[in-house]
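Reckoned from all heavy atoms, side chains included, excluding hydrogens, waters and symmetry mates.
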Amino acid sequence: MAVAISHSGLAAYNQQEVEKYFLSPLFLGQDYLNKFTVFPSVKGSMLLDHFAAAEKITVAQTGLAFAGTAGAALTNITLSVGNVEAEMEERAITFVGLVKAEALKLGTERENVDGTVIKEIVSNMMMQAVKRDFNRQLWYGDAGMTGTGAADYTPYNGIFVALQGLASGQKLALDVSGGSPSAGCTLATTGKITGAEAVSVLDAMYDAATAELKELPKTFFVSGNFADAYMKYLRAQGISESFNYLQDGTPNISWNGIPIIVRRDWDSILATDHALIDGASAADSVIRAVLVADKAIAVGTDFEGAGFESWYSQDNKAYRFRLGYKVGSALMDAKLAVTAMHA
């Protein structure tokens, strides 16, 4: 069972505190979830209706009896969710002798940190840990993953697993010239990307997009090193948004009018778990980008009924708490995304 700060205490939560520390920041405070379609009360796997576009039903009038033409085909996309939970226990007694001990109660109540600053500290740390896990698993979760550390990814399939179902022309390969790069995706050095190469990859991704994707609102998601190279390129061209980014760090960057969301967590995830995710070296794995239509990614959760439990164990003189929820993802239409990553 994980321990947040070596040891500390955590008191019981009421529903308002659960909303404040865990649920709202997790499901409502993410900078990218507004680009997705979120179903907040999913209890199990659900089918999403998908209607193919109808066309070519208008013909010359014959003046004869009614003759309807074929309509749109209806298919289903399955949104599967997995049950996940985060558990910790904390012991306030190990704060004795430290500055934070002044916040503890007296006598047998000292293990009860309810109403103390220690409770808020641990709550915030717990939330940050849950949020990092949520972001990592939502994108990189893979129920079929094996190997040491795979349990951190196997609760459910994430977005990149859904994107594996794209047509081959929508899955671009980044590689050096001696490898197997897609057109416009050649890198001079493994694990590095220059500004000019970043622009070339963005061009190639747009070229690979279907007509349906091009006409819809859409967003690029890119790793941090990809974004840094692109920003350096923009600065070299004297483009104002790059200087705004340089001054205040506001990541309001775009390409061809398409917003770019920078996922710096991808850099650390791939640097650590590249062998599990890609079966490749860290250098090969760290550069990647996704172009996807807004609302084309479905995320199912039971946010409206997510469960939280906390209790004080007298035998262990520790507070134990557990946050559990359901989550899963699916791509609504295989025409609505393009990826660029290690082959």
Side-chain angles (χ1 to χ4, degrees), residues 23-53 72-85 130-145 153-167 170-171 205 209-222 258-261 263 265-266 269 277 288-307 324-341:
L23 302 182
S24 291
L26 188 63
F27 294 110
L28 302 180
Q30 303 282 21
D31 61 351
Y32 63 87
L33 284 182
N34 63 346
K35 299 287 188 178
F36 299 163
T37 300
V38 179
F39 297 91
S41 56
V42 176
K43 297 180 180 179
S45 297
M46 63 183 294
L47 295 178
L48 306 176
D49 290 337
H50 178 269
F51 292 90
L74 170 62
T75 57
N76 295 120
I77 304 297
T78 301
L79 174 58
S80 300
V81 295
N83 295 308
V84 297
E85 64 180 8
V130 171
K131 188 174 181 179
R132 284 192 293 269
D133 288 344
F134 177 85
N135 287 328
R136 175 172 44 78
Q137 292 172 343
L138 184 63
W139 284 97
Y140 292 95
D142 185 347
M145 185 180 290
Y153 293 89
T154 55
Y156 60 93
N157 286 327
I159 294 170
F160 279 113
V161 170
L163 295 175
Q164 290 175 4
L166 297 177
Q170 295 164 242
K171 295 187 290 186
M205 293 180 72
T210 63
E212 292 85 352
L213 176 55
K214 288 180 178 178
E215 71 179 8
L216 292 173
K218 50 198 160 290
T219 302
F220 281 105
F221 294 85
V222 303
I258 303 171
I260 296 176
I261 292 180
R263 300 300 311 174
D265 56 324
W266 291 5
I269 291 168
I277 295 169
R288 64 176 54 200
V290 174
L291 174 62
V292 62
D294 295 350
K295 306 300 183 181
I297 298 293
V299 177
T301 79
D302 63 347
F303 163 61
E304 294 180 345
Y325 58 92
K326 295 178 183 290
V327 64
S329 64
L331 177 64
M332 293 187 178
D333 192 319
K335 295 180 179 180
L336 300 183
V338 175
T339 61
M341 62 185 73

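For the pair Ile297 and Lys35, the minimum side-chain heavy-atom distance is 4.5 Å or more. The closest side-chain heavy-atom distance from Asn157 to Asp142 is below 4.5 Å. Looking at heavy atoms from C-beta onward, Ile269 lies in side-chain contact with Ile277 at the 4.5 angstrom threshold. Looking at heavy atoms from C-beta onward, Leu291 lies in side-chain contact with Leu213 at the 4.5 angstrom threshold. The closest side-chain heavy-atom distance from Leu166 to Leu331 is below 4.5 Å. Considering only heavy atoms from C-beta on, Tyr32 comes within 4.5 Å of Asn135 through its side chain. Counting heavy atoms from C-beta on, the side chains of Asp294 and Leu216 never come closer than 4.5 Å. The shortest side-chain heavy-atom distance between Val81 and Val327 does not fall under the 4.5 Å cut-off.
The backbone N or O of Ala334 sits less than 3.5 Å from a side-chain atom of Gln170, completing a donor-acceptor pair. Side-chain atoms of Tyr140 do not come within 3.5 Å of backbone N or O of Ile159 as any donor-acceptor pair. Proximity of a side-chain donor or acceptor of Lys295 to a complementary backbone N or O of Phe36 within less than 3.5 Å is detected. The backbone N or O of Lys326 lies less than 3.5 Å from a partner atom in the side chain of Asp302, making a donor-acceptor pair. Side-chain N or O atoms of Thr339 include none that pairs as donor or acceptor with a backbone N or O of Lys171 at under 3.5 Å.
Note: Trp139 and Phe221 meet the aromatic proximity criterion, with ring centroids under 6.0 Å apart.
Qualifying side chain to side chain contact (heavy atoms under 4.5 Å, CB included) partners for Glu85, counting only residues two or more places apart in sequence or in other chains: Glu87, Arg322. With sequence neighbours excluded, no residue forms a ring pair (Phe, Tyr, Trp, His ring centres under 6.0 Å) with Tyr153.
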Chi angles and distances behind the side-chain contact (heavy atoms from CB on, under 4.5 Å) call for Val290, Val338: CA-CA 6 Å; Val290 174; Val338 175; over 6 Å; no

Might you work through the salt bridge (Lys or Arg N to Asp or Glu O under 4.0 Å) test for Lys335 and Asp333, ending with a clear yes or no? CA-CA 5 Å; Lys335 295 180 179 180; Asp333 192 319; 5.8 Å; no

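Checking Asn83 against Tyr325 by side-chain atom types alone, no donor-acceptor pair falls below 3.5 Å.
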